[in-house]
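Note that the numbering runs from 1 along the sequence shown for the chain. Note: hydrogens, waters and symmetry copies are ignored here, and every other heavy atom, side chains too, is used.
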Amino acid sequence: MATFFGEVVTGFSRAVGEEEEEEEEEEFEEDKEIREELEKRREVHVSWNELISAEISPDRRLPCTHLILSVGDNAAGFVSSYILSSGSWQVCGSIALWNERCRDCGIRNDVSPAPNSCTLFQMISDPMVLLCQCSCYVADDQLLQWCEKVFGSLEKSKLKVTVLSTCPVSEYKTIESTYTLPVPFLKALKTKEYKDVVPCPLMEQPNIADGLPAAVLTYCQVWKIPAVFYQCYTDITKLDSVTIEAFCPVLTVQSLGNLTAVR
């Protein structure tokens with residue numbers, strides 16, 4: 001209704017309004033389907049071999065006293081050279097995931113590792129010792145899911161966790177110049193429950209862990225699992241023998257030294 005003479009009144013069509021609402025609902029449903037499909041695609045999938053799968057159930061988890069996690073090429077190179085090379089290990093599972101930076105880790109029908117995937121190993125002489133080599137990128141929205149699915153399969157009562165990773169020395173925060181530091185070097189970060197002596201200085205504030213090592217350490221802190229994270233600061237991000245050898249002090253820790261192939 002016009003409120004003054006000469007006012008132009010815009011007509012309203014109920015049919016047009018209903019059509020717009022229907023279009024919005026269709027777009028909303030399409031967006032919802034896309035989001036659900038993307039969330040499903042970004043799920044983390046943990047696969048175990050047949051023997052281990054038979055042992056795991058909602059009421060029973062895999063006994064594990066030590067989980068060693070290597071994150072990145074140099075950490076993986078270290079465990080391959082000094083631990084896995086003993087030959088007393090077997091592949092027991094894999095972790096498949098997909099994200100924008102890791103597109104090759106699709107779900108597989110067997111436990112053989114996909115390119116850039118996380119591979120799980122079990123020690124033959126002591127099946128309660130597991131090792132995980134993670135060479136793929138785990139996105140921020142997948143970190144908690146990764147921890148819940150991996151640790152959800154393990155008995156936590158006697159579990160101890162060791163995490164190894166590298167970081168560019170340019171990210172190390174110190175009042176000194178990083179040019180004067182003896183690169184590469186190790187720093188350690190541990191949970192309150194971890195009581196063993198660490199073979200390197202502790203990480204000073206405001207330095208922090210990030211990515212998968214931070215997520216694992218946080219998970220262990222919440223669940224009161226003894227865990228230690230060894231971060232190697234290096235000026236070479238690619239696979240490098242000097243950076244690999246910088247991890248060697250961790251072999252003086254008895255729980256790791258007992259697993260080595262090279263003394």
Side-chain angles (χ1 to χ4, degrees), residues 42 44 67-85 95 97-105 113-119 131-147 150 161-191 194 198-221 227-253 256:
R42 295 176 73 89
V44 177
L67 172 65
I68 304 159
L69 170 63
S70 64
V71 181
D73 292 338
N74 282 299
F78 169 74
V79 297
S80 293
S81 300
Y82 288 88
I83 299 177
L84 292 176
S85 58
I95 304 167
L97 55 86
W98 180 96
N99 56 55
E100 291 75 9
R101 288 170 56 181
C102 187
R103 299 175 181 270
D104 296 328
C105 298
N116 300 323
S117 68
C118 301
T119 309
L131 190 150
C132 177
Q133 279 188 316
C134 187
S135 300
C136 64
Y137 171 75
V138 184
D140 290 346
D141 63 318
Q142 296 173 315
L143 293 172
L144 178 59
Q145 188 184 165
W146 193 100
C147 292
V150 173
V161 177
T162 300
V163 184
L164 309 170
S165 187
T166 56
C167 181
V169 70
S170 59
E171 296 183 15
Y172 181 66
K173 297 175 177 62
T174 176
I175 58 175
E176 303 176 36
S177 171
T178 54
Y179 292 103
T180 63
L181 296 173
V183 181
F185 60 90
L186 277 180
K187 294 288 181 177
L189 190 62
K190 58 182 182 177
T191 63
Y194 190 86
V198 294
C200 64
L202 294 176
M203 189 181 293
E204 313 92 336
Q205 293 182 345
N207 293 289
I208 58 172
D210 62 0
L212 184 58
V216 169
L217 214 63
T218 301
Y219 185 94
C220 291
Q221 180 68 36
V228 61
F229 168 44
Y230 294 105
Q231 176 110 292
C232 179
Y233 289 93
T234 179
D235 54 356
I236 301 176
T237 55
K238 295 182 179 179
L239 191 63
D240 170 63
S241 60
V242 176
T243 303
I244 288 174
E245 291 176 0
F247 284 105
C248 284
V250 306
L251 299 177
T252 61
V253 180
L256 284 173

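Using a distance-only test at 3.5 Å, with no hydrogens or angles considered, no donor-acceptor pair links the side chain of Ser70 to the main chain of Val79. Not one N or O on the side chain of Glu245 forms a donor-acceptor pair closer than 3.5 Å with the backbone of Val242. Looking only at distances, a side-chain donor or acceptor of Asn99 sits under 3.5 Å from a matching main-chain atom of Tyr137. Not one N or O on the side chain of Gln221 forms a donor-acceptor pair closer than 3.5 Å with the backbone of Thr191. Using a distance-only test at 3.5 Å, with no hydrogens or angles considered, a donor-acceptor pair links the side chain of Asn74 to the main chain of Asp240. The closest donor-acceptor contact from the side chain of Thr252 to the backbone of Pro249 lies under 3.5 Å. At distances below 3.5 Å, not a single donor-acceptor pair connects side-chain atoms of Asn207 with backbone N or O atoms of Tyr172. Put simply, the side chain of Gln133 never gets that close to the backbone of Thr119: no donor and acceptor are under 3.5 Å apart.
The closest side-chain heavy-atom distance from Leu164 to Val71 is not below 4.5 Å. Proximity of Cys132 to Ile68: side-chain heavy atoms (C-beta onward) are nowhere separated by under 4.5 Å. Here the side chains of Leu251 and Phe78 are in contact, with some heavy-atom distance below 4.5 Å. Counting heavy atoms from C-beta on, the side chains of Phe229 and Met203 come closer than 4.5 Å. The side-chain heavy atoms of Phe185 and Pro201, taken from C-beta on, include no pair separated by under 4.5 Å. Taking 4.5 Å as the limit, every side-chain heavy atom of Leu67 sits out of range of all side-chain heavy atoms of Thr162. Using a 4.5 Å heavy-atom threshold, the side chains of Ile95 and Cys134 count as separate.
The shortest heavy-atom contact between Thr234 and Thr243 is OG1-OG1, 3.0 Å. In this structure, Leu143 and Ala215 approach most closely via the heavy-atom pair CB-CB, 3.8 Å. Of all the heavy atoms in Tyr194 and Ala227, the pair that sits closest is CB-O, 3.5 Å. Summarising the geometry of Asp73 relative to Leu239, their closest heavy-atom pair is O-CD1, 3.4 Å, with the distance given to 0.1 Å. Nearest heavy-atom pair, Lys190 versus Leu202, reported as atom, atom and distance to 0.1 Å: CE-CD2, 4.4 Å.
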For this session: Begin with the C-alpha distance, continue with both residues' side-chain angles, and end with the deciding distance and a verdict on side chain to side chain contact (heavy atoms under 4.5 Å, CB included) for Leu189 and Ile208.
Result: CA-CA 9 Å; Leu189 190 62; Ile208 58 172; over 6 Å; no
Problem set entry | Criterion side chain to side chain contact (heavy atoms under 4.5 Å, CB included) on Val216 and Val161, from CA distance to verdict | CA-CA 9 Å; Val216 169; Val161 177; 4.1 Å; yes
For this session: Evaluate the side chain to side chain contact (heavy atoms under 4.5 Å, CB included) criterion for residues Tyr219 and Val150: first the C-alpha distance (whole Å), next the side-chain angles of each, then the deciding distance (0.1 Å), finally the verdict.
Result: CA-CA 11 Å; Tyr219 185 94; Val150 173; over 6 Å; no
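Atom CG of residue Leu212 and atom CG of residue Leu69 lie 5.5 Å apart, to the nearest 0.5 angstrom. One distance of note links NZ of Lys187 with SG of Cys232; it measures 12.0 Å at 0.5 Å rounding. Here CD of Glu171 is found 8.0 Å from OH of Tyr233. Values are rounded to the nearest 0.5 Å.
Under the salt bridge (Lys or Arg N to Asp or Glu O under 4.0 Å) criterion, Glu176 pairs with no residue at all, not counting sequence neighbours.
The aromatic ring centroids of Phe247 and Tyr82 lie 6.0 Å or more from each other.
Under the 4.0 Å criterion applied to side-chain N and carboxylate O atoms, Asp141 and Arg42 are assigned as salt-bridge partners.
Checking Glu204 against Thr174 by side-chain atom types alone, no donor-acceptor pair falls below 3.5 Å.
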